[in-house]
Every structure is written in C-alpha cells, then in structure tokens.
There are 2 protein chains.
Amino acid sequence: MNLGFQDYISIKLHKTDLNLTNEIKSRLEPYNLAPEQNLIMMLLWEEDGLTQNQLAQKLNKDKTNVARMASNLEKKGFITRSLSIEDRRSLKLYLTEEGKQLGEKVIPIAEEFNDVVCNGITNEELMELERILNKMNKNVDQPK
Amino acid sequence: MNLGFQDYISIKLHKTDLNLTNEIKSRLEPYNLAPEQNLIMMLLWEEDGLTQNQLAQKLNKDKTNVARMASNLEKKGFITRSLSIEDRRSLKLYLTEEGKQLGEKVIPIAEEFNDVVCNGITNEELMELERILNKMNKNVDQPK
DNA sequence: CCTATATAGTTGCTACACCAACTTTTTCCA
DNA sequence: TGGAAAAAGTTGGTGTAGCAACTATATAGG
C-alpha cells in the first residue's frame, strides 16, 4: 500500500480539530474559560444540577478529566459542587450566579464561532460530514 | 439561534478525533510509541534528518511539543539528535537502527488502522470529507 | 444480613498542546 | 561591520486526556 504521511485521514482530522480548538480557545480566553471547561458549562446551561458522571458520559470523557475540570470551574466561582442526596457517592454541579451570567456572554460567542467554522459550507455538506464521522466512530467502536 | 450542545460541528469533530486517537494509542502501545511520537517517526521514516523546526511545521505544532517529543524519542533510543552543521541553532533528528526497524513493524499497523477507520467509506466520501475539513481550516484561518 | 461486586469520585502518572520568557546563533541593514 | 531583529531550541506554567490504584458508598445474592 505505502501511504504517505499526508494520506492518513485521521491525521487530517486531528489537525483540523487542533485548529478549531485553538481558535475557540483564544475566543474564550477573555472569559477565563478553557475550551473543555466551556463544554461542561454548555451542558449545565442546558440542564443545571448534572453529576460529574453524567457529564463524563455526555462528554465522552474519562471521569478523571471531568473531576479536575469541575474542580477548576469551582475554583473560578462558576459552579458549586454538592453531594447528591439520593446517592451520596455522586457530586451534583450547580451554576453560581456568576456562572449563569457567564452563559449570556459566552453562548453567543460559541454560536458565532460555529457560524465562522461553517462559513461557506452547506447544510447538506454538514450532514454528510456527520454521517462520515459517525461511520468512523463505529469503525473504531469506542462505543461513544 | 439557540444551538444545543449536540449541534456544534466542532464538538462532533473533537469527539471523533479523540476516539480515533484513543484507538491508535492502544494499537501503538505494545511498541512503546505514543500517537504523536509516532507522527514524528512517520515523517522520519519518509525523510531522515529533519530538524525539529521542520517537523513542527509539517505537524502544525508548537515547537515546544516537538522538542519534548523528540527528547522522549531520543530517550527511548529511536532517534539521535545532532547539531546541524549549516545552522548551529537547529537540531537534526536521525533514526537509530532500532528506530528504522521499528518502522517495519509500525507502518503496517498504521496502514491497517487507516483501513479500519475508512471501512465502508468510499473514496468520494473521503475526498468530500477532506474538502470540508479544508474549508473549516480556512475559515478559522490558522494558516496551516 | 452481610459479604462480594459495582459505582462515583479522587490522586498520581505519562503524554500532549500552547504560551511566555529565555539562550544561542544567524541574518540583515543602517 | 556592529547592533537590532529574527530564528531554533529549551524551560516553566496551565489545561486537557486517559490509565491504574485508591476511598467511600450502594446494591445484589447466597
């Protein structure tokens, strides 16, 4: 076969991902929010009071990462963590007033970023892209 | 607009990238090679004697990462680093015998991985995917 | 019931990823 | 030609990312 470095689709994907991550990182910097911390906040803005475990599943991440990111968000004052009453093993994350207000500034930034990324790309292309990404995910079978 | 968490294309891309990275990571583990270290090796297997700076450009990465990865590869015995004669600021990386032999085992792994990722995906789809990724890269304008 | 197992979270470890600040050469031009 | 600016690497700092091993709680079966 003999593929060259440029021929690996995973490498191209990886580069694009890094590119996008860098861009959103710089856009969020003024708000003292790192990209992955923002993902947690986005989920909390949609539904307050999620546990770390629920977040880990939605984000598809190792629970250790979520724990550390949540800890950082708590230090920054955007959320509080309290033991769940139903299950005292788990921590529920709640937005602080500051965290709620942050959403009003940051959500528009995220939507604007999405617009920029999708500029000149049709809906059909986006759906095609999703379809292909899903195929790849299934192919490597890390079950989400 | 009010996008939900699931609607951001960059998030989907990111998840797929992490998925693929995890898979190749576990495949390379038996060879004592981390995914990004492997990218450096792939470039050296194509062309021995590249400088760290050249690698950083090809990989689209910060020079600090390349420096540390190269240092790790040196510790593992896969490469040596020597000052360039033409420009004594730069370090050239050369494969050791062990590094060369590693390629004969790892390149097939990488190609097999690529096959798995692309399973059930047509060439047209791959080209479409690349086209869209390129658009996104241009849109965020990190000039590659 | 009460131990075996599972689950939520934390800590320690390695590997990216980028920035800022620094050293050492090189280059450029006034 | 000599000093400013640029370029290649390194170091230190923060923020992911996943694994292994650990604590604490919850659940299930004998």
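Quantities reported herein were computed from a predicted structural model and do not represent experimental measurements. Just so it is clear: chains get the letters A, B, ... in the order the sequence lines come, proteins before strands, and each one is counted from 1.
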- Query: Hey, are the side chains of Ile79(A) and Met41(A) touching, using non-hydrogen atoms and a 4.5 Å cut-off?
  - Reply: yes

- Item | Between dA8(D) (P) and Leu55(B) (CG): distance, integer Å | 12 Å

- Residue mapping more 5' on DNA chain D - nearest nucleotide basis, Ile85(A) or Lys76(A): Lys76(A)

- Spatial distance of atom NZ (Lys15(A)) from atom OH (Tyr8(A)) [nearest 0.5 Å]: 14.0 Å

- Task: Please say which of Leu20(B), Ile121(B), Leu126(B) ends up in a side chain to side chain contact (heavy atoms under 4.5 Å, CB included) with Ile9(A).
- Result: Leu126(B)

- Task: Anything under 4.0 Å to a heavy atom of chain B counts; send over the first and last such nucleotide of DNA chain C, read 5' to 3'.
- Result: dA15(C) to dT26(C)

- When you measure from every atom of DNA chain D, which of residues 45-52 of chain B have a heavy atom less than 4.0 Å away? Thr51(B), Gln52(B)

- Whole-Å distance separating the NZ atom of Lys25(A) from the P atom of dG15(D): 10 Å

- Query: Given the rule in the side-chain contact (heavy atoms from CB on, under 4.5 Å) test, do Gln57(B) and Gln54(B) qualify, once you have shown the distances and angles that lead to the verdict?
  - Reply: CA-CA 5 Å; Gln57(B) 290 188 345; Gln54(B) 288 173 314; 5.8 Å; no

- Query: Is the shortest heavy-atom distance from the side chain of Leu39(B) to the side chain of Met69(B) under 4.5 Å?
  - Reply: no

- Message: Could you tell me how far apart Lys15(B) (NZ) and dT16(D) (C1') are, to the nearest whole angstrom?
- Response: 16 Å

- Message: Apply salt bridge (charged side-chain N to carboxylate O under 4.0 Å, His left out) to residues Arg68(B) and Glu36(B) and explain how you reach the verdict.
- Response: CA-CA 11 Å; Arg68(B) 279 187 259 248; Glu36(B) 304 291 336; over 6 Å; no

- Query: By a strict heavy-atom criterion of less than 4.0 Å, which residues belonging to residues 61-74 of chain B are in contact with DNA chain D?
  - Reply: Lys63(B), Thr64(B), Ala67(B), Arg68(B)

- Value in whole Å for how far the P atom of dT16(D) lies from CG of Asn60(A): 16 Å

- Message: For a quick check under 3.5 Å, do Thr51(A) and Asn53(A) share a side-chain donor-acceptor pair by atom type?
- Response: no

- Note on the structure: Between CD of Gln57(B) and C1' of dG9(D) the distance, given in whole Å, is 14 Å

- Message: Taking the side chain as everything from C-beta on, heavy atoms only, tell me whether Ile40(A) gets closer than 4.5 Å to Leu50(A).
- Response: no

- Only residue of Glu23(A), Glu111(A), Arg27(A) satisfying side chain to side chain contact (heavy atoms under 4.5 Å, CB included) with Val116(A) is Arg27(A)

- Find which nucleotide of DNA chain C each of Asp87(A) and Glu29(A) is nearest to by heavy atoms, and output the residue with the more 5' nucleotide. Asp87(A)

- Taking the side chain as every heavy atom from C-beta outward, state whether Phe78(A) and Asn72(A) have any pair of such atoms under 4.5 Å apart. no

- Taking NE2 from His14(A) and P from dT16(D), how many angstroms apart are they, rounded to a whole number? 16 Å

- Query: In terms of side-chain geometry, is the basic nitrogen of Glu125(B) or Arg131(A) positioned less than 4.0 Å from the acidic oxygen of its partner?
  - Reply: yes

- Value in whole Å for how far the P atom of dA5(D) lies from CZ of Arg89(B): 16 Å

